[in-house]
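In each ligand, atom 1 is the first atom listed, and ligand 1 is the first ligand listed.
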Amino acid sequence: MTTTGYNILRNPFLNKGTAFSTAEREQFGLTGTLPSQVQTIEEQADQAYKQFQAKSPLLEKRIFLMNLFNENVTLFYHLMDQHVSEFMPIVYDPVVAESIEQYNEIYTNPQNAAFLSIDHPENIENTLKNTADGRDIKLVVVTDAEGILGMGDWGVNGVDIAVGKLMVYTAAAGIDPATVLPVSIDAGTNNKTLLDNPLYLGNKHERIAGQEYLEFIDKFVAAEQKLFPESLLHWEDFGRSNAQVILDKYKDSIATFNDDIQGTGMIVLAGIFGALNISKEKLVDQRFLTFGAGTAGMGIVNQIFSELKQAGLSDEEARSHFYLVDKQGLLFDDTEDLTEAQKSFTRSREEFVNSEQLDNLQAVVDEIHPTVLIGTSTQPGTFTENIVKSMAQNTERPIIFPLSNPTKLAEATAENLIKWTDGKALIATGIPADNVTYKGVTYKIGQGNNALIYPGLGFGLVASTAKLLTQETISAAIHALGGLVDVNEPGAAVLPPVSNLTEFSQKIAEITAQSVVKQGLNREKIDDPKQAVQDAKWSAEY
Ligand SMILES: NC(=O)c1ccc[n+]([C@@H]2O[C@H](COP(=O)([O-])OP(=O)(O)OC[C@H]3O[C@@H](n4cnc5c(N)ncnc54)[C@H](O)[C@@H]3O)[C@@H](O)[C@H]2O)c1
Ligand SMILES: O=C(O)C[C@H](O)C(=O)O
Ligand SMILES: [Mn+2]
C-alpha cells in the first residue's frame, strides 16, 4: 500500500509539510491540502525557529519542539542540527526532568514509543510490531523508570527519557530516526504521588519485582531480538537492584549496553583523562573517592579499575585506589546492605585507627586525601566548602565531578568549586554549566554527561553490525574522546564542548566500528569500517 493524502501528512517520518513540491502534491494526492506556497526546508526551519524563540518558559519550548517532532521528523532534526547546544538541554537533561514530572498533565502524544505493560506479557511482541510499524529497527532505548536521573521512580512518565536519549543519538551521531524505537516497561510504580494522581496514565499499582519482573524482561529481550535481530538494546534508568543484574545477564550474548553503568563510566574516565592531560599527572597516581556507590558510581569505579589493570596493576593494587562512600559512610567489608557491585571495592577496618568515625563524607575526605572526587549520590549540595577546601589542601589540582542530575540535585556548582579551590579544581558537571570567570581567567566547564559518548558508541555499533560490545571497544571509544581536549588554553575544560558534539561523535563511531571489525564481531562483511559509518549516516534533508 502506498501512503497518500492525509496519511502521508500525518506520518512524521514521511511528512514534508509545505515543502512538498507541486509534483509531489499531485503524485501523493495532496493537491489542495496545503497552502499554495512551496517552501524549502531552510525556510521552514527559520519559521519554526522564530516560533521556538517566542516560547517561554523552557518547558513550553520543549512542548513546541516535541510537537514539531511528532509532525515532521526531518524538519525537527534539520533545526536541531543548527542549534545543538541550545536544544540539547531542552529535549534532554535538564528540561526532560520537568516534562517527566508533568507527563500526565501535558500529555498529547505517545511519541512513537512502545508501551509494554507487566500485566500483559502476551502483548509484548504485538506491541513491538505495532509501534515499529514496518520500520527496520536498529536501536531500542528501553526504560522501566525506576531510577529516572536522580529523581527516583516515575512510572510510565519516564518514557520521555527514552525519547530524549534517542533524539540525542540522531542529533549527535546521525542514526536514522526511522530505525529507532523508545520503549517503556510499565512495571507499576511505587511513587505515591503518581498512584494518587487521577490523571496518571500508567499501571495504577505498585511495582512488580522479583521473578515475575525478570521473566517479563526475558520475554521482552527475546521478542526484541526476534523482531529486530540486528539491533542494539540500550537500557536506561533502571533501579539500582536491577540495572547491573540485567546487564550481566545479557551482555555476553547480544549487542547491549547500559548507559548509566557503562556510558557514565566511559564519560567519567574520558573526563579524568582530560583532567590529567591538564595537570600532567598519571591515572595510577590517583586516589578515587566515589560518593554515591550506586548504578552510576559503580559503573565509574569498574571502568577506572579496568583501565588501571590495563596499565599493568594487579587486581589488588588496582582496588587499593578506590574508596566508596554511600549512605552508610565509607564502605567496609563488614558494612551491612552492600550491593554485589560494592563488595569488591570495600575497605578493611584495620587500615584505619578511627574507622568508626568514617561515616560521613567530610571525615573520609579529611582522612584519605582523595585526588579525584566523583558525585553520583543524588544528594544536592553535599560537596560543601569545607569538604572541597580540605581536598584542595592535599592535592594540587583536585578533580571534582558533581554528576547528579537534574540541576537541583547536583552535589556542587562549578562556580563554587572554582571559587573554593582558587581556580585549581578540574571540573565536570552532569548538566551544562556556564563558563566561570574568576580572577581574570575564564574557566570552561566540561559536561560529564553520558550523552557525550553513547551516541558515537551506539551508532558505531549499529553501523558495524556488532554482535557484542566488549571492554576492548569501550576502552577504544574512551581514549578517542579523552584525547580531544585542548590543554594549553588557560581555564580549558576537561571534555570537549557540546557544540562539537557531532564532530566527536563521528570520531567515536569510527573508532567503535574499527574496534568491532578488528575483533571480528561484525555480523555483515565490512571491509572499511569508516566507510560503513559514513554510509549509515542519516542527514536531515528531504
Ligand atoms: N552525568 C551523568 O552522565 C550521569 C549518569 C548516570 C547517573 N547520573 C546521576 O547520578 C545520580 C545517581 O544515579 P544512579 O543511577 O547511580 O542511581 P542509584 O540509585 O543507583 O545510586 C545512587 C546511590 O547514592 C546513594 N545515596 C543516596 N543517598 C546518599 C547519601 N546521603 N550519601 C551517600 N550516598 C547516598 C544510594 O544509596 C545509591 O547507592 C543521579 O542523580 C543521576 O542523575 C549522572
Ligand atoms: O540522563 C542524563 O542526563 C544522564 C544520565 O543518564 C542520568 O541518568 O542522569
Ligand atoms: Mn540515565
Side-chain angles (χ1 to χ4, degrees), residues 88-89 91-97 100 141-154 158 160-168 234-245 247 257-271 289-303 323-331 335-342 359-362 364 374-383 387 401-411 427-433 446-455 495 498:
M88 273 271 285
V91 302
Y92 180 60
D93 199 6
V95 180
V96 70
I100 289 172
V141 173
V142 59
T143 186
D144 79 347
E146 189 177 356
I148 287 291
L149 313 174
M151 308 175 341
D153 183 347
W154 282 90
D160 279 354
I161 195 71
V163 172
K165 291 269 169 185
L166 283 166
M167 286 175 164
V168 177
H234 166 143
W235 307 87
E236 191 67 47
D237 290 357
F238 282 68
R240 191 179 84 165
S241 57
N242 291 321
Q244 186 74 52
V245 171
L247 178 63
F257 164 73
N258 181 298
D259 186 36
D260 300 289
I261 298 173
Q262 296 166 299
T264 314
M266 293 173 77
I267 192 64
V268 169
L269 184 52
L289 196 169
T290 305
F291 182 61
T295 311
M298 293 317 299
I300 294 164
V301 166
N302 276 301
Q303 196 54 60
Y323 299 83
L324 313 181
V325 177
D326 208 279
K327 280 181 190 154
Q328 307 97 313
L330 183 62
L331 299 186
T335 303
E336 285 183 7
D337 300 326
L338 293 173
T339 65
E340 275 313 305
Q342 291 167 346
D359 62 356
N360 64 84
L361 183 62
Q362 175 86 57
V364 181
I374 309 284
T376 44
S377 66
T378 74
Q379 301 301 307
T382 40
F383 292 176
I387 288 173
F401 292 1
L403 297 179
S404 287
N405 291 329
T407 320
K408 62 185 173 201
L409 298 183
E411 285 84 0
I427 301 165
T429 50
I431 29 92
Q447 192 181 346
N449 190 298
N450 47 33
L452 273 78
I453 202 139
Y454 75 74
L495 284 162
V498 170

Donor-acceptor contact below 3.5 Å, side chain Gln447 vs main chain Leu452: no
Whether Thr376 side chain and Ser404 backbone form a donor-acceptor pair below 3.5 Å: no
For the student: nearest non-hydrogen atoms of Leu330 and Tyr323, plus distance: CD1-CB, 4.0 Å
First-shell residues of ligand 1 [heavy atom, distance under 4.0 Å]: Leu149, Gly150, Arg240, Asp260, Thr264, Phe291, Gly292, Ala293, Gly294, Thr295, Ala296, Asp326, Lys327, Thr376, Ser377, Thr378, Gln379, Leu403, Ser404, Asn405, Gly430, Gly448, Asn449, Asn450
With Gln342 via side chain to side chain contact (heavy atoms under 4.5 Å, CB included) - residues at least two apart: Arg240, Ala293, Met298, Leu324, Asp326, Leu331, Leu338, Thr339
Testing [options] for side chain to side chain contact (heavy atoms under 4.5 Å, CB included) with [X], which one passes?
{"X": "Asp259", "options": "Asp237, Asn450, Ile453, Thr143", "value": "Asn450"}
{"X": "Leu247", "options": "Asp260, Asn242, Ile261", "value": "Ile261"}
{"X": "Lys165", "options": "Asp93, Val96, Val141", "value": "Val141"}

Interatomic spacing from OG1 in Thr378 to CZ in Phe291 - rounded to 0.5 Å: 8.5 Å
Aromatic ring pairing His234/Phe257, orientation class (parallel under 30°, perpendicular over 60°, tilted between): perpendicular
CA sep, side-chain torsions, deciding dist, call: Gln303, Val268, side chain to side chain contact (heavy atoms under 4.5 Å, CB included): CA-CA 9 Å; Gln303 196 54 60; Val268 169; over 6 Å; no
Total protein N, O or S atoms, the Mn ion (ligand 3), separation less than 2.8 Å: 3
Give a table of atom pairs where an N or O of ligand 2 lies under 3.5 Å from a protein N or O.
| residue | atom | partner | partner atom | Å |
| --- | --- | --- | --- | --- |
| ligand 2 | 1 (O) | Tyr92 | OH | 3.4 |
| ligand 2 | 1 (O) | Lys165 | NZ | 3.2 |
| ligand 2 | 3 (O) | Tyr92 | OH | 3.2 |
| ligand 2 | 3 (O) | Asp93 | OD2 | 2.6 |
| ligand 2 | 3 (O) | Asn405 | ND2 | 3.3 |
| ligand 2 | 3 (O) | Asn449 | ND2 | 2.9 |
| ligand 2 | 6 (O) | Lys165 | NZ | 3.0 |
| ligand 2 | 6 (O) | Glu236 | OE2 | 3.0 |
| ligand 2 | 6 (O) | Asp260 | OD1 | 3.1 |
| ligand 2 | 6 (O) | Asn450 | ND2 | 3.0 |
| ligand 2 | 8 (O) | Asp237 | OD1 | 3.1 |
| ligand 2 | 8 (O) | Asp260 | OD1 | 3.1 |
| ligand 2 | 9 (O) | Asn405 | ND2 | 3.1 |

Side chain to side chain contact (heavy atoms under 4.5 Å, CB included) evaluation trace for Val245 with Phe238: CA-CA 10 Å; Val245 171; Phe238 282 68; over 6 Å; no
Audit row: Ile161, Leu149, side chain to side chain contact (heavy atoms under 4.5 Å, CB included) steps and yes/no: CA-CA 9 Å; Ile161 195 71; Leu149 313 174; 4.1 Å; yes
Ile267/Asn449 under side chain to side chain contact (heavy atoms under 4.5 Å, CB included): CA gap, chis, key distance, verdict: CA-CA 7 Å; Ile267 192 64; Asn449 190 298; 5.9 Å; no
